[in-house]
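Shown next, in structure tokens, is the structure this report addresses.
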Amino acid sequence: MTPAPELISPRSARVSAARRLARRNFRGKDRLFLAEGPQAVREAAAHRTDGVPVLVELFATVEAADRYADIVAAARDAGARVHLASEEVIADISTTVTPQGLVGVCRFLDTPFADVLAARPRLVAVLANVRDPGNAGTVLRCADAAGAEAVVLTDASVDLYNPKAVRASVGSLFHLPVAVGVPVEQAVRGLRDAGVRILAADGAGDHDLDQELDKGTMGGPTAWLFGNEAWGLPEETRALTDAVVRVPIHGRAESLNLATAAAVCLYASARAQRASGGCRSVTES
């Protein structure tokens, strides 16, 4: 028989501690963030950082605990404290309109930028001054799907652990290294020194993505810089790159949004790198 919920009141100390993680200052102070929904919690339960489980606590309604018994078991196996909670409690912790009954509390898991460079990445997404958390999370998901080895968020970009960014990543946050708070000049310099070509994605770019693919210039290690949703990349950032590339618009659309353009660029590089003779390891150069 399923036991009654253990946490009845939203005023519980454990609930209050989790609820405050919706605010950036408390996330930074506690170095903890929220992961909501079965996919994010499943990935969190499976993830380790230097051998240490990322998931430290799980709140679940009785219904969700029954439906996702495998996730609850994985959370316990990871050493997380598991609390059966009322729907009222989950709604109080959750930042979504329609919670799915599972909310995890996770340790920060960003990777030092030096470690990203030491891994000699072939494909990297750099978010320069990206402010919308939904876009940031979606680009992270696209980078994961395209097989990128890392994502870098500059110091002017949104908080990686914003609940909306975590949700938009749909678990990809736990799949690949993400460096945060890196000045854009440092990011470009470090990646270039690691043998990575730096491309800026911009609708007003001098280079056409289709033409670059046809010329065979896309097969080497590449970092894509993606700018602000409203005004793109400033001229001083564009000047740091090896080329500014536009995604061609063949129809009548005025432009592509940030996440769509990022998906096109990352997949173009991924395809070129996987083609015959593409992307020789930088350690062989």
Side-chain angles (χ1 to χ4, degrees), residues 122-148 150-160 162-170 172-173 176 178 180 182-185 187-188 191-192 196-275:
R122 298 184 308 151
L123 183 57
V124 181
V126 180
L127 279 65
N129 204 16
V130 173
R131 301 295 182 87
D132 181 87
N135 276 335
T138 302
V139 172
L140 202 160
R141 183 184 183 187
C142 292
D144 180 21
V151 172
V152 177
L153 274 73
T154 70
D155 53 357
S157 288
V158 69
D159 177 21
L160 171 67
N162 180 293
K164 188 175 179 180
V166 176
R167 286 197 305 274
S169 80
V170 197
S172 287
L173 171 62
L176 74 172
V178 183
V180 301
V182 184
V184 66
E185 296 86 356
V188 169
L191 288 164
R192 182 174 284 124
V196 179
R197 186 184 184 214
I198 313 298
L199 300 181
D202 194 293
D206 297 327
H207 298 260
D208 181 284
L209 180 61
D210 283 351
Q211 293 174 355
E212 293 299 308
L213 287 168
D214 291 342
K215 289 189 296 184
T217 62
M218 303 286 293
T222 302
W224 281 99
L225 265 65
F226 303 109
N228 183 270
E229 296 84 349
W231 58 82
L233 290 164
E235 184 55 41
E236 57 267 27
T237 300
R238 290 159 53 104
L240 297 172
T241 66
D242 296 306
V244 182
V245 181
R246 66 183 182 275
V247 176
I249 302 295
H250 301 300
R252 298 174 62 186
E254 178 187 7
S255 63
L256 296 174
N257 65 27
L258 172 65
T260 303
V264 172
C265 293
L266 290 165
Y267 266 92
S269 286
R271 179 175 181 179
Q273 290 178 357
R274 285 160 175 74

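These numbers come from the heavy atoms of this one structure, side chains and all, not from hydrogens, waters or symmetry mates. Being a predicted model, the structure only gives us computed values, none of them experimental.
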Could you go through the side-chain contact (heavy atoms from CB on, under 4.5 Å) check for Leu199 and Thr222 one step at a time? CA-CA 7 Å; Leu199 300 181; Thr222 302; 3.8 Å; yes

Are Leu153 and Asp159 close enough, and set up right, to give a side-chain contact (heavy atoms from CB on, under 4.5 Å), and what steps lead you there? CA-CA 9 Å; Leu153 274 73; Asp159 177 21; over 6 Å; no

side-chain contact (heavy atoms from CB on, under 4.5 Å) assessment of Asn228 paired with Arg131: CA-CA 7 Å; Asn228 183 270; Arg131 301 295 182 87; 3.5 Å; yes

Please assess Asp144 against Val170 for the test side-chain contact (heavy atoms from CB on, under 4.5 Å), listing each intermediate value before the final yes or no. CA-CA 10 Å; Asp144 180 21; Val170 197; over 6 Å; no

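Nearest heavy-atom pair, Leu266 versus Leu123, reported as atom, atom and distance to 0.1 Å: O-CD2, 3.8 Å. Scanning all heavy atoms of the two residues, the minimum distance from Val139 to Ala125 falls at CG1-CB, 4.5 Å. Of all heavy-atom pairs between Gly227 and Leu258, the closest is O-CD1, 3.7 Å. The heavy-atom pair separating Asp242 from Arg192 by the smallest distance is OD1-NH2, 3.2 Å. Contact between Cys142 and Ala263 at its shortest, heavy atoms only, is SG-CB, 3.7 Å. When all heavy atoms of Ala259 and Thr138 are compared, the pair lying nearest together is CB-CG2, 3.6 Å.
In this structure, the separation between CG on Asn135 and CG on Leu127 is 8.5 Å, given to the nearest 0.5 Å. The distance from the CG atom of Leu191 to the CZ atom of Arg197 is 14.0 Å, given to the nearest 0.5 Å.
At least one side-chain heavy atom of Asp210 sits less than 4.5 Å from a side-chain heavy atom of His250. Side-chain contact between Asp208 and Arg246 is present, with heavy atoms from C-beta onward closer than 4.5 Å. In this structure the side chain of Leu140 reaches within 4.5 angstrom of the side chain of Leu160, judged on heavy atoms. Counting heavy atoms from C-beta outward, Val184 and Leu225 have side chains that approach closer than 4.5 Å.
In this view, Ser255 satisfies the side-chain hydrogen bond (donor to acceptor under 3.5 Å, both in side chains) rule with no residue, not counting sequence neighbours. Contacts of Thr241 classified as side-chain hydrogen bond (donor to acceptor under 3.5 Å, both in side chains), with partners at least two apart in sequence or in another chain: none. In this structure Val247 satisfies the side chain to side chain contact (heavy atoms under 4.5 Å, CB included) test together with Leu209, Leu256, Val264, Cys265, sequence neighbours excluded. A search for side chain to side chain contact (heavy atoms under 4.5 Å, CB included) contacts involving Ala156 returns Asn129, Thr154, not counting sequence neighbours.
The neighbour count for Arg141 CZ, taken as heavy atoms of other residues, nucleotides or ligands under 6.0 Å away, does not exceed 12.
Side-chain atoms of Glu212 do not come within 3.5 Å of backbone N or O of Val245 as any donor-acceptor pair.
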Only pairs under 3.5 Å count here: list side-chain donor-acceptor contacts from residues 230-240, not counting sequence neighbours, and write none if there are none.
residue, atom, partner, partner atom, Å
Glu235, OE1, Arg238, NE, 3.3
Arg238, NH1, Asp202, OD1, 3.2
Arg238, NH1, Asp202, OD2, 3.1

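Between Ser157 and the choices Val130, Val180, Val152, the side chain to side chain contact (heavy atoms under 4.5 Å, CB included) rule is met once, by Val130.
Screening residues 261-271 for side-chain hydrogen bond (donor to acceptor under 3.5 Å, both in side chains) gives Trp224-Ser269 as the qualifying pairs, with residues at least two apart or on separate chains.
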